[in-house]
Amino acid sequence: MKKPAKLLYPTFDGDAQQFTLWPRYTASGCSFLLELWNEPEQRTQQVLLLFHQVAAVEVSLNLWDARMGADLGGFYELYGKKEKRKLLQRNFKRRKKGWLLPGSYACDPADPQDGLNDRTELNRLLGQLGDHHLYLLQSWGGSVLLLARGYEVQAL
(Lines give C-alpha, C1' and ligand atoms only; values in the text may rest on other atoms or scores of the structure.)
Protein backbone atom coordinates (compact mmCIF):
# COMPACT_ATOMS: atom_id res chain seq x y z
CA MET A 1 0.00 0.00 0.00
CA LYS A 2 1.31 3.42 -0.96
CA LYS A 3 1.93 5.89 1.85
CA PRO A 4 -0.33 8.98 1.74
CA ALA A 5 2.54 11.35 2.60
CA LYS A 6 6.30 11.61 2.90
CA LEU A 7 8.16 13.88 5.33
CA LEU A 8 10.48 15.99 3.15
CA TYR A 9 11.98 18.24 5.79
CA PRO A 10 11.50 18.24 9.57
CA THR A 11 10.00 21.53 10.67
CA PHE A 12 9.10 20.30 14.13
CA ASP A 13 8.87 23.13 16.65
CA GLY A 14 9.10 25.43 13.63
CA ASP A 15 7.70 28.87 13.20
CA ALA A 16 6.88 30.57 9.90
CA GLN A 17 8.45 34.03 10.04
CA GLN A 18 7.53 35.32 6.59
CA PHE A 19 5.48 34.28 3.56
CA THR A 20 6.15 35.85 0.15
CA LEU A 21 4.11 35.27 -3.00
CA TRP A 22 4.91 36.47 -6.49
CA PRO A 23 1.95 35.95 -8.87
CA ARG A 24 3.22 35.59 -12.45
CA TYR A 25 0.69 33.30 -14.12
CA THR A 26 2.51 30.00 -14.88
CA ALA A 27 5.78 31.32 -13.39
CA SER A 28 4.19 32.08 -10.00
CA GLY A 29 6.15 31.20 -6.91
CA CYS A 30 6.28 31.63 -3.18
CA SER A 31 8.66 31.30 -0.29
CA PHE A 32 8.51 30.69 3.44
CA LEU A 33 11.12 31.84 5.89
CA LEU A 34 11.06 29.40 8.79
CA GLU A 35 12.77 29.49 12.15
CA LEU A 36 13.47 25.94 13.29
CA TRP A 37 15.02 24.41 16.37
CA ASN A 38 18.30 22.67 15.54
CA GLU A 39 18.44 20.00 18.25
CA PRO A 40 22.06 18.83 17.75
CA GLU A 41 23.40 22.39 17.89
CA GLN A 42 20.88 23.55 20.53
CA ARG A 43 20.00 26.73 18.64
CA THR A 44 17.44 28.14 16.23
CA GLN A 45 18.15 28.06 12.52
CA GLN A 46 16.52 29.89 9.63
CA VAL A 47 15.50 27.98 6.52
CA LEU A 48 13.97 29.31 3.31
CA LEU A 49 11.55 27.10 1.36
CA LEU A 50 11.18 28.23 -2.27
CA PHE A 51 8.35 26.89 -4.44
CA HIS A 52 8.41 27.06 -8.25
CA GLN A 53 5.54 27.19 -10.75
CA VAL A 54 2.86 27.40 -8.07
CA ALA A 55 -0.64 26.56 -9.31
CA ALA A 56 -2.56 26.89 -6.02
CA VAL A 57 -2.03 27.95 -2.41
CA GLU A 58 -4.37 27.45 0.53
CA VAL A 59 -3.40 29.05 3.83
CA SER A 60 -5.04 28.27 7.16
CA LEU A 61 -3.97 30.62 9.92
CA ASN A 62 -4.41 29.73 13.56
CA LEU A 63 -2.67 32.60 15.31
CA TRP A 64 -3.84 31.60 18.77
CA ASP A 65 -1.91 28.29 18.89
CA ALA A 66 -0.48 27.39 22.28
CA ARG A 67 3.12 26.21 22.04
CA MET A 68 3.49 24.53 25.42
CA GLY A 69 4.47 20.87 25.43
CA ALA A 70 3.85 20.01 21.79
CA ASP A 71 6.15 19.03 18.96
CA LEU A 72 4.32 20.05 15.83
CA GLY A 73 5.19 20.64 12.27
CA GLY A 74 6.52 19.01 9.20
CA PHE A 75 6.97 19.69 5.52
CA TYR A 76 5.34 16.86 3.56
CA GLU A 77 4.54 15.78 0.06
CA LEU A 78 1.02 14.37 -0.15
CA TYR A 79 0.49 11.67 -2.76
CA GLY A 80 -2.42 11.06 -5.10
CA LYS A 81 -4.39 13.19 -7.52
CA LYS A 82 -7.58 13.38 -5.45
CA GLU A 83 -6.34 16.03 -2.99
CA LYS A 84 -4.67 18.01 -5.81
CA ARG A 85 -7.97 18.09 -7.70
CA LYS A 86 -9.91 19.10 -4.57
CA LEU A 87 -7.50 21.98 -3.86
CA LEU A 88 -7.86 23.35 -7.41
CA GLN A 89 -11.67 23.06 -7.23
CA ARG A 90 -11.78 24.88 -3.85
CA ASN A 91 -9.59 27.68 -5.21
CA PHE A 92 -11.81 28.04 -8.29
CA LYS A 93 -14.94 28.31 -6.13
CA ARG A 94 -13.24 30.71 -3.68
CA ARG A 95 -12.15 33.02 -6.50
CA LYS A 96 -15.72 33.18 -7.79
CA LYS A 97 -17.11 33.78 -4.31
CA GLY A 98 -14.58 36.57 -3.72
CA TRP A 99 -15.75 38.39 -6.83
CA LEU A 100 -19.40 37.99 -5.86
CA LEU A 101 -19.15 39.01 -2.17
CA PRO A 102 -19.23 42.79 -2.77
CA GLY A 103 -22.44 42.39 -4.77
CA SER A 104 -21.19 44.58 -7.62
CA TYR A 105 -20.82 41.80 -10.20
CA ALA A 106 -23.89 40.17 -11.75
CA CYS A 107 -22.66 36.68 -12.55
CA ASP A 108 -24.88 34.42 -14.58
CA PRO A 109 -24.14 30.93 -13.21
CA ALA A 110 -25.56 29.30 -16.36
CA ASP A 111 -23.50 31.36 -18.84
CA PRO A 112 -20.26 29.56 -19.76
CA GLN A 113 -19.03 32.80 -21.38
CA ASP A 114 -19.14 34.65 -18.05
CA GLY A 115 -15.54 35.08 -16.91
CA LEU A 116 -16.25 33.68 -13.45
CA ASN A 117 -17.57 30.45 -14.98
CA ASP A 118 -14.68 29.98 -17.40
CA ARG A 119 -13.00 26.70 -16.49
CA THR A 120 -10.45 26.71 -19.32
CA GLU A 121 -7.37 27.18 -17.13
CA LEU A 122 -8.77 25.01 -14.36
CA ASN A 123 -9.34 22.16 -16.83
CA ARG A 124 -5.84 22.64 -18.25
CA LEU A 125 -4.35 22.34 -14.77
CA LEU A 126 -6.52 19.33 -13.94
CA GLY A 127 -5.04 17.65 -17.01
CA GLN A 128 -1.50 18.34 -15.79
CA LEU A 129 -1.80 17.09 -12.21
CA GLY A 130 1.00 14.58 -12.78
CA ASP A 131 3.43 17.47 -13.35
CA HIS A 132 2.66 19.07 -9.97
CA HIS A 133 3.32 18.04 -6.40
CA LEU A 134 1.06 18.70 -3.43
CA TYR A 135 2.98 19.96 -0.40
CA LEU A 136 1.81 20.50 3.16
CA LEU A 137 3.75 22.84 5.42
CA GLN A 138 2.79 22.78 9.08
CA SER A 139 4.14 25.30 11.55
CA TRP A 140 3.05 27.19 14.62
CA GLY A 141 0.15 29.35 13.61
CA GLY A 142 -1.26 27.29 10.80
CA SER A 143 -0.72 25.12 7.77
CA VAL A 144 -0.30 25.69 4.05
CA LEU A 145 -1.22 23.46 1.11
CA LEU A 146 0.71 24.20 -2.08
CA LEU A 147 0.38 22.74 -5.55
CA ALA A 148 3.68 23.40 -7.33
CA ARG A 149 6.09 21.85 -9.78
CA GLY A 150 8.96 21.82 -7.31
CA TYR A 151 10.73 23.34 -4.34
CA GLU A 152 14.15 23.89 -2.86
CA VAL A 153 15.41 24.34 0.71
CA GLN A 154 18.04 26.94 1.55
CA ALA A 155 19.62 26.93 5.01
CA LEU A 156 20.47 30.50 6.05
Side-chain angles (χ1 to χ4, degrees), residues 1-36 46-63 65 70-102 105-156:
M1 183 173 148
K2 191 174 183 181
K3 290 175 68 172
K6 176 184 176 184
L7 179 66
L8 299 174
Y9 197 86
T11 61
F12 306 111
D13 285 333
D15 192 13
Q17 301 291 303
Q18 184 177 12
F19 168 59
T20 306
L21 175 66
W22 49 97
R24 294 189 186 113
Y25 189 56
T26 58
S28 293
C30 65
S31 67
F32 292 87
L33 178 63
L34 304 174
E35 186 172 87
L36 308 175
Q46 287 192 324
V47 171
L48 187 66
L49 293 178
L50 292 165
F51 295 89
H52 311 286
Q53 293 181 315
V54 175
V57 178
E58 183 176 80
V59 179
S60 298
L61 292 177
N62 182 14
L63 299 175
D65 265 350
D71 291 327
L72 296 177
F75 172 51
Y76 298 90
E77 180 173 357
L78 306 178
Y79 298 120
K81 290 184 180 180
K82 181 180 178 181
E83 291 302 319
K84 294 177 189 180
R85 190 175 300 110
K86 286 168 59 175
L87 175 61
L88 287 174
Q89 295 283 3
R90 281 192 308 268
N91 277 359
F92 181 82
K93 289 177 183 175
R94 220 176 268 120
R95 175 188 64 101
K96 186 174 182 176
K97 182 178 180 180
W99 277 92
L100 296 174
L101 275 174
Y105 185 85
C107 175
D108 180 355
D111 181 4
Q113 299 301 313
D114 189 302
L116 292 182
N117 298 324
D118 183 5
R119 297 176 57 94
T120 305
E121 288 303 309
L122 174 63
N123 291 337
R124 184 184 64 77
L125 278 169
L126 288 170
Q128 297 177 352
L129 286 180
D131 297 338
H132 292 78
H133 304 273
L134 183 60
Y135 302 108
L136 171 64
L137 174 61
Q138 300 169 324
S139 72
W140 290 108
S143 64
V144 180
L145 274 174
L146 292 114
L147 186 62
R149 288 244 174 132
Y151 78 97
E152 61 184 272
V153 178
Q154 296 177 357
L156 305 176

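Only heavy atoms go into these numbers, but all of them, side chains included; no hydrogens, no water, no symmetry mates. For reference, positions follow the sequence shown, starting with 1. Quick caveat: nothing in here was measured; it's all calculated off a predicted structure.
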Exercise. Looking at Tyr76 and Leu8, what are the two nearest heavy atoms and their distance?
Worked result: C-CD1, 4.0 Å
Exercise. Side chain to side chain donor-acceptor pair (under 3.5 Å) between Tyr151 and Glu77: does it pass, once the steps are laid out?
Worked result: CA-CA 11 Å; Tyr151 78 97; Glu77 180 173 357; over 6 Å; no
Problem set entry | Pairwise side-chain contact, Leu33 with Leu156, heavy-atom cut-off 4.5 Å (strictly under) | yes
For this session: Could you check if a side-chain atom of Leu126 sits within less than 4.5 angstrom of a side-chain atom of Gln89, using non-hydrogen atoms only?
Result: yes
Exercise. Quick one: are Leu129 and Leu134 in side-chain contact, heavy atoms under 4.5 Å?
Worked result: no
For this session: State, yes or no, whether a side-chain contact exists between Leu145 and Arg90 at a heavy-atom distance under 4.5 Å.
Result: yes
Problem set entry | Considering all heavy atoms, the nearest Phe19-Cys30 contact | CE1-CB, 3.8 Å
Exercise. Can the ring centroids of Phe75 and Phe32 be said to lie less than 6.0 angstrom from one another?
Worked result: no
Exercise. Between CZ of Arg85 and CG of Leu122, what distance do you get to the nearest 0.5 Å?
Worked result: 10.5 Å
Problem set entry | Side-chain heavy-atom pair Gln18, Gln46 within 4.5 angstrom cut-off | no
Exercise. Hey, are the side chains of Glu83 and Lys86 touching, using non-hydrogen atoms and a 4.5 Å cut-off?
Worked result: yes
Seminar exercise, completed: Looking only at heavy atoms, the pair that brings Gly29 and Leu21 closest together is O-CD1, 3.3 Å
Exercise. Between Lys84 (side chain) and His132 (backbone), is there a donor-acceptor pair under 3.5 Å?
Worked result: yes
For this session: Can you measure from CD (Gln128) to CG (Leu147) and round to the nearest 0.5 angstrom?
Result: 10.5 Å
For this session: Compare every heavy atom of Glu58 with every heavy atom of Leu87, then report the nearest pair and how far apart it is.
Result: CD1-CB, 3.6 Å
Problem set entry | Leu146 CG to Phe51 CZ distance, which is reported to the nearest 0.5 Å | 5.0 Å
Problem set entry | Closest non-hydrogen atom pair, Gly74 against Leu7 | CA-CD1, 3.9 Å
Exercise. Do Glu121 and Tyr25 pass the side-chain contact (heavy atoms from CB on, under 4.5 Å) test, and can you show the C-alpha distance, the side-chain angles, and the key distance before you say yes or no?
Worked result: CA-CA 11 Å; Glu121 288 303 309; Tyr25 189 56; 2.8 Å; yes
Problem set entry | Audit row: Leu34, Leu137, side-chain contact (heavy atoms from CB on, under 4.5 Å) steps and yes/no | CA-CA 10 Å; Leu34 304 174; Leu137 174 61; 4.1 Å; yes
Exercise. Do the side chain of Thr11 and the main chain of Gln138 share a donor and acceptor less than 3.5 angstrom apart?
Worked result: yes
Exercise. Are Arg95 and Leu116 close enough, and set up right, to give a side-chain contact (heavy atoms from CB on, under 4.5 Å), and what steps lead you there?
Worked result: CA-CA 8 Å; Arg95 175 188 64 101; Leu116 292 182; 3.8 Å; yes
Exercise. For Val47 and Tyr9, what are the C-alpha separation, side-chain angles and deciding distance, and is it a side-chain contact (heavy atoms from CB on, under 4.5 Å)?
Worked result: CA-CA 10 Å; Val47 171; Tyr9 197 86; 3.6 Å; yes
Seminar exercise, completed: In terms of heavy-atom contacts, Ser31 and Leu48 come closest through CB-CD1, 4.0 Å
